[in-house]
Amino acid sequence: MPPLAEPEWCPFRRTVTLFRHEPLLLDCGTAVTHIRVACHTYGEAREKATLVLHALTGTSAVHEWWADFLGKGRPLDPTRDFVICANVLGGCAGSTGPAELPAVGGEDMPLSLRDMARVGRALLEHLGVRRVRIVGASMGGMLAYAWLLECPDLVERAVVIGAPVRHSPWAIGLNTAARSAIRAAPGGEGLKVARQIAMLSYRSPESFAQTQPGQRAPGQPAITSYLHHQGEKLQARFCERSYVALTRAMDAFQPSDTELRSIRTPVLAVGIRSDVLYPPDEVRQGAALLPHATYWELDSVHGHDAFLMDAGELPEQVSAFLRS
Ligand SMILES: CC(=O)SCCNC(=O)CCNC(=O)[C@H](O)C(C)(C)COP(=O)(O)OP(=O)(O)OC[C@H]1O[C@@H](n2cnc3c(N)ncnc32)[C@H](O)[C@@H]1OP(=O)(O)O
Ligand SMILES: N[C@@H](CCO)C(=O)O
């Protein structure tokens, strides 16, 4: 997606790239140095900030993918708040990626969501931020739970949208099939298939019945050319090694009930009525383990990706929770 023009309401937007030279111990037992973090900030720097945690293929450029949420009078309001979003460790949008980390056992270093939270803590220290409210969706929502476990001293409130407290066999299975496709056809073709599998889980039968009915060309169902197009789009903008690293980190995120019950921070957990990847009952039941979680459900037919494409009343709900 080409960069959008700088919005008028956001005079302080900038990109910061942090280099952390001190060693950081990762969950796999390896200490890494020279970690790079690419981030966008919106609004004037303050000690208290709102941290946005992006989804699997997202970037730190929130203004490019979450316009309903960022802006004056919106949940992420740079005229009132210091808003930060960083590309995750292991991503491919400016932060240190798998190819830049040492291999472990001949394979790319395994990364965890807690490792990503630790890198985030270093970023906040660099920016002079002492307290955050966090908002994450999808992988970013799981990462929010990792923050609550890893950095409870920093987080005041958390909004978790369309995300489970741990990855289910169903979600791991989908990722397993995606990684098998990448392994079977490295170099880009497998990543396209991985995206096709993922897109089926990001929407819903009803969504596709509405948006992709009939044929695109004689003999070609619309959904078929749609999935091919989505595969091509991801292959053009994403790295297969990051895809493997990030999906592995999500699959490995398995906090115990006891750990989740120890979270004292107020949480708003949002389920999406038609989400087949993380069904709303799973989101609600997981959040119920937390002593201070409330649940709200977004009524959309468009499945998991509704937080990006059919947010409805979600921005108002998030604003109300963050400001309460
Ligand atoms: C909290 C977070 O961090 S979320 C992270 C944000 N994620 C990202 O920014 C990256 C991920 N982005 C996305 O997943 C997407 O941009 C979404 C979900 C926001 C929207 O998906 P889109 O692909 O833009 O929308 P949609 O599903 O309607 O598809 C539209 C595209 O498919 C094409 N298309 C639609 N139907 C068909 C068809 N039958 N055959 C071929 N092409 C088709 C359209 O022409 C359009 O193409 P273009 O994007 O090249 O212009
Ligand atoms: N469609 C979004 C959400 C996936 O969880 C993405 O590609 O990152």
Side-chain angles (χ1 to χ4, degrees), residues 1-4 39-40 50-70 75-76 83-88 91-93 95 113 116 134-144 158-164 167 171 174-175 178 191-192 194-204 207-239 242-243 246-247 249-251 270 272 275-278 283 298 300-311 314-315 318:
M1 185 188 298
L4 303 182
C39 89
H40 278 72
T50 305
L51 180 66
V52 181
L53 304 171
H54 67 73
L56 175 61
T57 72
T59 69
S60 61
V62 182
H63 60 285
E64 291 182 356
W65 52 262
W66 229 13
D68 288 350
F69 284 75
L70 180 71
L76 311 167
V83 180
I84 305 167
C85 184
N87 183 222
V88 292
C92 53
S95 294
L113 296 184
M116 296 170 200
I134 56 182
V135 182
S138 195
M139 184 188 82
M142 295 180 75
L143 183 52
V159 180
V160 175
I161 301 167
H167 241 193
L174 287 161
N175 279 345
L191 183 62
K192 293 181 195 170
R195 185 60 165 180
Q196 293 182 17
I197 296 166
M199 286 308 301
L200 291 171
S201 74
Y202 294 160
R203 302 295 162 83
S204 69
S207 177
F208 282 137
Q210 281 184 19
T211 59
Q212 298 298 333
Q215 308 223 322
R216 176 86 166 186
Q220 189 180 48
I223 183 65
T224 302
S225 63
Y226 174 79
L227 290 178
H228 284 144
H229 184 69
Q230 294 294 333
E232 297 283 344
K233 267 176 53 170
L234 190 76
Q235 195 257 332
R237 72 176 174 85
F238 211 75
C239 153
S242 286
Y243 201 93
L246 301 187
T247 57
M250 293 164 80
D251 292 352
V270 176
I272 300 164
D275 190 340
V276 293
L277 176 58
Y278 305 129
V283 172
L298 174 61
S300 168
V301 299
H302 291 296
H304 180 68
D305 265 347
F307 74 91
L308 291 166
M309 52 184 287
D310 185 28
L314 182 55
V318 174

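Start at 1 and go down the list; that is how both ligands and their atoms are numbered. Just so we're clear, the structure is a prediction, and the values are computed from it rather than from any experiment.
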Handout entry: Per-atom contacts, ligand 1 versus A137 - under 4.0 Å to a heavy atom
Key = 1 (C)
Exercise for the section: Answer with side chain, backbone, both or neither: which part of D305 has a heavy atom less than 4.0 angstrom from an atom of ligand 1? Expected result: side chain
Fill in the blank from the handout: The atoms of ligand 2 lying under 4.0 Å from a heavy atom of R195, numbered in the order shown, are 7 (O)
Practice task
For the pair W65 (side chain) and H54 (backbone), establish whether a donor and an acceptor sit closer than 3.5 Å, ignoring hydrogens and angles.
Solution key: no
Handout entry: T57: numbered ligand 1 atoms lying under 4.0 Å from its heavy atoms
Key = 10 (C), 11 (C)
Problem - Min heavy-atom dist Y202 to ligand 1 below 4.0 Å - result: no
Practice task
From the options W66, F208, W65, select the one whose nearest heavy atom is closest to atom 2 (C) of ligand 1.
Solution key: W65
Practice task
Return the residue, atom name and 0.1 Å-rounded distance of the protein heavy atom closest to atom 7 (O) of ligand 2.
Solution key: T57 OG1, 2.6 Å
Exercise for the section: Of the side chain and backbone of M250, name the one, both, or neither that has a heavy atom under 4.0 Å from an atom of ligand 2. Expected result: neither
Handout entry: Side-chain (T211) to main-chain (S207) donor-acceptor, under 3.5 angstrom
Key = yes
Exercise for the section: Just let me know how R203 lines up against ligand 1, side chain, backbone, both or neither, with a heavy-atom cut-off below 4.0 Å. Expected result: side chain
Exercise for the section: Report the distance from atom CG of L143 to atom CD1 of I134, rounding to the nearest 0.5 Å. Expected result: 7.5 Å
Handout entry: Atoms of ligand 2, numbered as shown, that sit under 4.0 Å from any heavy atom of Y202
Key = 1 (N), 4 (C), 5 (O)
Problem - Whether F307 and H304 hold their rings parallel, tilted or perpendicular, with breakpoints at 30° and 60° - result: perpendicular
Fill in the blank from the handout: With heavy atoms and a 4.0 Å threshold, my read on which part of H304 contacts ligand 2 is side chain
Exercise for the section: Check each atom of ligand 2 against the heavy atoms of A55 and keep those under 4.0 Å away; list them by number with element. Expected result: 3 (C), 8 (O)
Exercise for the section: Hey, could you give me the CZ/OG1 distance between R195 and T57, rounded to the nearest 0.5 Å? Expected result: 4.5 Å
Completion exercise
Correct closest heavy-atom pair for P75 and V318 would be CB-CG1, 3.8 Å
Practice task
Indicate, with yes or no, if the rings of Y278 and H167 have centres closer together than 6.0 Å.
Solution key: yes
Exercise for the section: Could you tell me whether A222 and ligand 1 have an N or O pair separated by under 3.5 Å? Expected result: yes
Problem - Structural part of H229 in contact with ligand 1, heavy atom criterion under 4.0 angstrom - result: side chain
Practice task
Give, for atom CG of L314 and atom CZ of F69, the distance between the pair rounded to the nearest 0.5 Å.
Solution key: 3.5 Å
Problem - Interatomic distance, Q220 atom CD to Q215 atom CD [nearest 0.5 angstrom] - result: 8.5 Å
Exercise for the section: Please confirm whether H228 comes under 4.0 Å of ligand 1, counting heavy atoms of the residue only. Expected result: no
Handout entry: Which of the ligand 1 atoms, numbered from 1, are nearer than 4.0 Å to a heavy atom of F307
Key = 1 (C), 2 (C), 4 (S)
Practice task
Report the part of E64 in contact with ligand 1, treating N, CA, C, O as backbone and CB onward as side chain, heavy atoms under 4.0 Å; options are side chain, backbone, both, neither.
Solution key: neither
Handout entry: Y226 N/O under 3.5 Å from ligand 1 N/O
Key = yes
Problem - Nearest neighbour of atom 43 (C) of ligand 1 from the list R216, K233, M199, E232, on a heavy-atom basis - result: R216
Exercise for the section: Mind jotting down which residue pairs meet the salt bridge (Lys or Arg N to Asp or Glu O under 4.0 Å) criterion with at least one end in residues 227-236? Sequence neighbours excluded, please. Expected result: K192-E232
Practice task
Return a yes/no value for Q212: is any of its N or O atoms, backbone included, closer than 3.5 angstrom to an N or O of ligand 1?
Solution key: yes
Completion exercise
So the atoms of ligand 1 within less than 4.0 Å of a heavy atom of S225 turn out to be 38 (C), 39 (N), 40 (N), 41 (C)
Handout entry: Check: G91 main-chain N/O paired with S242 side-chain donor or acceptor under 3.5 Å
Key = yes
Exercise for the section: Could you tell me if any non-hydrogen atom of M309 lies under 4.0 Å from any atom of ligand 1? Expected result: no
Practice task
With sequence neighbours excluded, tell me which residues meet salt bridge (charged side-chain N to carboxylate O under 4.0 Å, His left out) with D251.
Solution key: R179
Handout entry: Proximal ligand 2 atoms for S138, defined as those under 4.0 Å from one of its heavy atoms
Key = 4 (C), 5 (O)
Exercise for the section: Might you point out which heavy atoms bring S300 and A306 nearest each other, and give the distance in Å? Expected result: OG-CB, 3.4 Å
Exercise for the section: Check L308 against ligand 2 and report side chain, backbone, both or neither, counting heavy atoms closer than 4.0 Å. Expected result: side chain
Problem - Straight-line distance of I223 CD1 to R216 CZ, nearest 0.5 Å - result: 11.5 Å
Completion exercise
Interatomic distance, CG@L191 vs CZ@R237, rounded to 0.5 Å, equals 9.5 Å
Handout entry: Heavy atom of R237, distance to ligand 1 below 4.0 Å
Key = yes
Problem - Donor-acceptor pair, side chain of T247 and main chain of Y243, under 3.5 angstrom - result: yes
Exercise for the section: Look at the rings of H63 and H40 and say which category their plane angle falls in: under 30° parallel, 30 to 60° tilted, over 60° perpendicular. Expected result: tilted
Fill in the blank from the handout: Numbered in order shown, the ligand 1 atoms found under 4.0 Å of a heavy atom of A55 are 1 (C), 2 (C), 3 (O), 4 (S), 5 (C)
Exercise for the section: Using non-hydrogen atoms of the residue, decide whether Q215 is closer than 4.0 angstrom to ligand 1. Expected result: no
Problem - Of the listed options M139, R195, Q230, H54, closest to atom 14 (O) of ligand 1 (non-hydrogen atoms) - result: R195
Handout entry: Close-contact set for ligand 2 against D305 heavy atoms, below 4.0 Å
Key = 1 (N), 2 (C), 3 (C)
